Amino acid sequence: MTNREQYTPGPASAQVRKEEGANWTLVLTRELRHKPEKVWQALTEPGQLREWAPFDADRSMGVAGATVKLTTVGAPSPHATETTITRAEAPRLLEYNWGGGDVRWELEAAGGGTRLTLWASINRGFISMGAAGWHICLDVLDHLLGGDPLGRMAGMEVMKFGGWQRLNAEYAKQFGVEPPQW
């Protein structure tokens, strides 16, 4: 059996900030065994993003003011957007806009590793899906950094995965929303 076949995501563990308007803010925190500098590289370098993130980047995301083309992985039709990195303070803070919502990564040294917090603005109609997707992406990131890669799990393909479906339902219940029907 491969590592991916043995992988089962843990329980829903994100929070949501319900805000006025179309978007809510997802807050997902993970304790990683890896130093902030190593995590920073995984958040900013195209070769590493290609292993875990739900998008590909055409250049480094580690420089404030840089314009980066982000291409969504596994979308029903190709979707690429240009974004400007609004803040990049290595190895502790990264901010940009993706898919019409702001994304903020905070890295804090903790116990020899990193406390990684993702803040992502997501349309509230898709907040449970976004939470489930980011939850799995961060699991994949943790495995990658630990030398035990699962392979990227994103886009339409991950939605067929039973673990994603369970998380989507758990997050929908936790956030008090109806999960989107596909």
Side-chain angles (χ1 to χ4, degrees), residues 4 6-34 39 42-43 49 51-57 61 70-77 79 81 83 85-87 92-108 110 113-145 150-182:
R4 181 177 266 191
Q6 295 175 342
Y7 165 68
T8 301
S13 59
Q15 299 174 350
V16 70
R17 293 188 176 186
K18 297 178 180 181
E19 300 159 14
E20 294 296 320
N23 288 358
W24 288 352
T25 300
L26 172 71
V27 182
L28 185 57
T29 300
R30 288 291 176 85
E31 302 292 331
L32 303 174
R33 305 176 308 262
H34 320 286
V39 177
L43 295 177
L49 288 163
E51 299 297 320
W52 71 271
F55 54 78
D56 288 329
M61 297 179 69
L70 302 178
T71 304
T72 303
V73 173
S77 59
H79 183 73
T81 57
T83 189
I85 305 303
T86 52
R87 289 180 72 182
R92 59 175 208 84
L93 180 65
L94 178 65
E95 292 181 358
Y96 52 91
N97 186 285
W98 179 57
D102 293 328
V103 177
R104 176 183 177 103
W105 296 96
E106 296 178 2
L107 296 81
E108 179 184 352
T114 303
R115 177 175 296 113
L116 177 65
T117 303
L118 165 66
W119 303 71
S121 176
I122 300 173
N123 181 289
R124 66 180 171 188
F126 300 98
I127 193 76
S128 64
M129 293 175 65
W134 279 116
H135 182 122
I136 289 173
C137 284
L138 292 183
D139 284 354
V140 172
L141 170 63
D142 191 31
H143 278 265
L144 174 69
L145 293 175
L150 296 173
R152 176 158 54 184
M153 300 173 71
M156 300 300 288
E157 192 62 33
V158 77
M159 293 171 65
K160 298 174 188 173
F161 173 54
W164 181 90
Q165 294 171 7
R166 177 185 54 81
L167 282 170
N168 183 35
E170 285 178 16
Y171 280 121
K173 184 177 181 181
Q174 180 180 329
F175 299 160
V177 298
E178 289 292 321
Q181 300 299 312
W182 293 96

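Quick caveat, the model's predicted, so the values are computed rather than measured. Only this structure's heavy atoms are used, side chains among them; waters, hydrogens and symmetry mates stay out.
- The line from CG of Asp102 to OG1 of Thr25 is 8.5 Å long, rounded to the nearest 0.5 Å.
- Of the charged side-chain nitrogens involved, none lies within less than 4.0 Å of a carboxylate oxygen, so that Arg152 and Glu51 do not count as a salt-bridged pair.
- The two residues Asn23 and Ser121 make their nearest non-hydrogen contact at ND2-OG, 3.0 Å.
- Within the 4.5 Å cutoff, side-chain heavy atoms of Val103 are placed close to those of Leu118.
- Taking the side chain as every heavy atom from C-beta outward, Thr114 and Glu108 never approach each other to under 4.5 Å.
- Taking every heavy atom of both residues into account, Ser128 and Val177 meet most closely at CB-CG2, 4.4 Å.
- There is a side-chain donor-acceptor pair under 3.5 Å between His135 and Tyr171.
- Note that the CZ atom of Phe161 and the CG atom of Leu167 stand 8.0 Å from one another [nearest 0.5 Å].
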Verify side-chain contact (heavy atoms from CB on, under 4.5 Å) between Leu94 and Arg87, making sure each step is shown before the conclusion.
CA-CA 5 Å; Leu94 178 65; Arg87 289 180 72 182; over 6 Å; no

Working note: Leu28 + Leu138, criterion side-chain contact (heavy atoms from CB on, under 4.5 Å); need CA distance, chi angles, decisive distance, verdict.
CA-CA 9 Å; Leu28 185 57; Leu138 292 183; 3.5 Å; yes

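- At a threshold of 4.5 Å between non-hydrogen side-chain atoms, the residues His143 and Leu145 do not count as touching.
- Contact record, Met159 with Met129: CE-CE, 3.6 Å, taken as the closest heavy-atom pair.
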Could you walk me through whether Leu43 and Trp52 pass the side-chain contact (heavy atoms from CB on, under 4.5 Å) check?
CA-CA 9 Å; Leu43 295 177; Trp52 71 271; 3.7 Å; yes

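- Going from atom CH2 of Trp119 over to atom CG of Leu26 covers 10.5 Å, rounded to the nearest 0.5 Å.
- Separation of atoms OG1 (Thr117) and CZ (Arg30) is listed at 11.0 Å; rounding is to 0.5 Å.
- When the shell of 6.0 Å around NZ of Lys173 is examined, it contains 12 or fewer heavy atoms from other residues, nucleotides or ligands.
- The backbone N or O of Ser13 lies less than 3.5 Å from no partner atom in the side chain of Gln174, so there is not a single donor-acceptor pair.
- Counting heavy atoms from C-beta outward, Ile122 and Val16 have side chains that stay 4.5 Å or more apart.
- In this structure, the side chains of Pro179 and Asn168 come closer than 4.5 Å at one or more pairs of heavy atoms.
- The line from OG1 of Thr81 to NE2 of His79 is 5.0 Å long, rounded to the nearest 0.5 Å.
- Closest approach of Asp142 and Arg33 over heavy atoms only: OD2-NH1, 3.9 Å.
- Interatomic distance, CD of Glu106 versus CZ of Arg104, reported as 4.0 Å (0.5 Å rounding).
- Using a 4.5 Å heavy-atom threshold, the side chains of Glu170 and Pro11 count as touching.
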Between Trp164 and Val158, does the side-chain contact (heavy atoms from CB on, under 4.5 Å) criterion hold? Intermediate values first, please.
CA-CA 7 Å; Trp164 181 90; Val158 77; 4.1 Å; yes

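- Asp56 has its side chain within reach of Val73: a pair of non-hydrogen atoms, C-beta onward, lies under 4.5 Å apart.
- By the neighbour-count criterion of 12 heavy atoms within 6.0 Å, atom CD of Glu19 is densely surrounded, having more than that number from other residues, nucleotides or ligands.
- Across every non-hydrogen atom of Tyr96 and Thr86, the tightest pair is N-OG1, 3.8 Å.
- Nearest heavy atoms, Leu49 versus Ala42: CD2-O, 3.4 Å.
- The number of heavy-atom neighbours closer than 6.0 Å to CD of Glu157, taken from other residues, nucleotides and ligands shown, is 12 or below.
- Ring centroid separation for the pair Trp105 and Trp98 does not come in under the 6.0 Å cut-off.
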